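What follows is one structure encoded as structure tokens, with my remarks underneath.
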Protein chains: 2
Amino acid sequence: MSIPRNTKAKQAVLHEISSSDFALSQPEIFERVKGACDRVTVYRVLDRLVMENKIHKIVNVDGTINYARCTSCDESHTHAHDHLHFSCITCKKIECLEEQLIHVKLPDTYQIKELFLTISGTCPSCQAT
Amino acid sequence: MSIPRNTKAKQAVLHEISSSDFALSQPEIFERVKGACDRVTVYRVLDRLVMENKIHKIVNVDGTINYARCTSCDESHTHAHDHLHFSCITCKKIECLEEQLIHVKLPDTYQIKELFLTISGTCPSCQAT
DNA sequence: TGCAAAACGCAACAATGTTGCATTAAATGA
DNA sequence: TCATTTAATGCAACATTGTTGCGTTTTGCA
Ligand SMILES: [Zn+2]
Ligand SMILES: [Zn+2]
Ligand SMILES: [Zn+2]
Ligand SMILES: [Zn+2]
């Protein structure tokens with residue numbers, strides 16, 4: 001494996017993800033770091049950050065892919081992904097509900113790798129309207 | 001609301017989905033009904049079938065969208081979508097695990113619309129290898 | 001400072017999905 | 001059976017999202 005470098009683009013992308021309280025899509029991230037780097041670079045930086053376990057990938061209920069930094073996950077350990085995600089249909093934001101762990105029991109013939117558990121609905125902020 | 005029609009394209013698409021034991025993507029469906037209709041028509045037929053509750057939409061762990069016909073769901077009732085889906089990382093097939101119901105408890109501040117629960121891993125067929 | 005290679009920009013391509021509009025065909029009733 | 005209505009289709013064109021190749025730049029380190 002190659003030694004990762006701390007580039008301007010990487011810092012910018014990671015900063016936007018870190019300072020957002022919900023998961024961002026690639027277009028959203030590119031919009032926010034506008035000028036800092038190329039569109040393709042954002043894709044490559046995101047892939048690298050995922051591999052380095054700095055961020056994690058969330059698939060939204062509509063198939064769009066978002067990126068977030070789990071608050072309870074430090075760089076030290078891998079993401080278990082055994083927690084729920086809440087996807088608001090109004091503001092499109094995705095939250096990690098890390099206190100909500102799900103336990104699934106399947107026949108031994110199934111080998112489980114990861115759980116992708118997302119609830120769609122209206123989040124507290126949007127419900128207050 | 002308009003009155004749906006039973007067209008050749010619709011029959012072909014529905015037949016492919018019905019006769020498959022795993023969920024199919026739009027490209028896979030288009031491949032299988034080849035010649036029967038245009039690529040765009042497949043998209044429109046799928047949208048209509050989802051609205052008519054004949055099939056349901058499953059988002060794969062990688063964000064790709066697949067379509068399936070729930071065996072336990074007849075046209076009479078709406079899809080609860082409270083069951084698990086298993087997504088094989090080897091053969092890419094998606095199965096409905098309709099006997100596996102999940103019950104989620106969230107604060108009242110969240111209004112739940114749908115559950116999207118997918119497990120990725122290796123399916124029984126691929127594990128036997 | 002000089003070097004190796006990690007990372008980047010750019011262009012080109014690929015896959016997937018959408019829209020507008022003229023034409024076709026399915027359902028219904030005369 | 002035939003005419004009418006309009007749902008549905010085909011086609012072209014466009015939009016979005018993601019990928020690849022390659023020459024150039026920048027980073028980390030000696
Ligand atoms: Zn919201
Ligand atoms: Zn999470
Ligand atoms: Zn499999
Ligand atoms: Zn299902």
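Below, chain A is the first sequence line, B the second, and so on; all start at residue 1. Note that the structure is predicted; figures quoted are calculated from it, not measured. These values consider heavy atoms only, across backbone and side chains, with no hydrogens, waters or symmetry-generated copies.
Looking at heavy-atom distances under 4.0 Å, B:Arg39 makes contact with a base.
In the helix from C:dT1-D:dA30 to C:dA30-D:dT1, the rotation axis of the first five pairs and that of the last five pairs differ in direction by 30°, rounded to 10 degrees.
Annotation: B:Asp108, atom CG; neighbour count of heavy atoms from other residues, nucleotides and ligands within 6.0 Å does not exceed 12. Within 6.0 Å of CG on A:Asn6 lie more than 12 heavy atoms contributed by other residues, nucleotides or ligands.
In this structure, CG of A:Asp38 is placed 17 Å from P of D:dG21, rounded to the nearest angstrom. The nearest whole Å value for the distance from the CD atom in B:Glu31 to the C1' atom in C:dA15 is 15 Å. Atoms CD1 (A:Ile65) and P (C:dA15) sit 17 Å apart, rounded to a whole Å. Residue A:Arg5 contributes atom CZ, which lies 7 Å from atom P of C:dA6 at whole-angstrom precision. Taking atom CE of residue A:Met51 and atom C1' of nucleotide C:dA7, one finds them 12 Å apart after rounding to whole Å. Across the protein-nucleic acid pair, A:Tyr43 atom OH and C:dA15 atom P stand 15 Å apart, rounded to whole Å. When the C1' atom of D:dG10 is taken as reference, atom CZ of B:Phe30 falls 11 Å away, rounded to whole Å. What separates CG of B:Asp47 from C1' of D:dA7 is a distance of 15 Å, to the nearest Å.
Mapping A:Asn6 and B:Pro4 onto DNA chain D via the closest heavy atom, the residue that lands nearer the 5' end is B:Pro4.
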Kindly indicate, with the supporting measurements, whether the criterion side chain to side chain contact (heavy atoms under 4.5 Å, CB included) is fulfilled by B:Cys123 and B:Glu95. CA-CA 9 Å; B:Cys123 78; B:Glu95 290 177 69; 4.1 Å; yes

CA sep, side-chain torsions, deciding dist, call: A:Thr7, A:Lys10, side chain to side chain contact (heavy atoms under 4.5 Å, CB included): CA-CA 5 Å; A:Thr7 67; A:Lys10 193 175 176 180; 3.4 Å; yes

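For B:Arg69 against B:Ser18, the heavy-atom pair with the smallest separation is NH1-OG, 2.6 Å.
The residues B:Lys34 and B:Glu16 are annotated as not salt-bridged, no charged nitrogen and carboxylate oxygen being separated by less than 4.0 angstrom. Ion pairing between a basic and an acidic side chain is recognised when a charged N comes within 4.0 Å of a carboxylate O; B:Glu114 and B:Lys57 show no such pairing.
For A:Ser19 (side chain) and A:His15 (main-chain N/O), a donor-acceptor pair under 3.5 Å exists by modelled atom type.
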Distances under 3.5 Å only, N/O to N/O: pair up the protein atoms with those of nucleotides 19-24 of chain C.
| residue | atom | partner | partner atom | Å |
| --- | --- | --- | --- | --- |
| C:dG20 | O6 | B:Arg44 | NH1 | 3.4 |

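Neither OP1 nor OP2 of C:dA6 sits under 4.0 Å from any side-chain N or O of A:Thr7.
For C:dA7, the base has no donor-acceptor partner in the side chain of A:Arg48 [N/O atoms by modelled type, under 3.5 angstrom].
In this structure, CD1 in A:Ile112 is found 4.5 Å from CD1 in B:Ile119, a value given to the nearest 0.5 Å.
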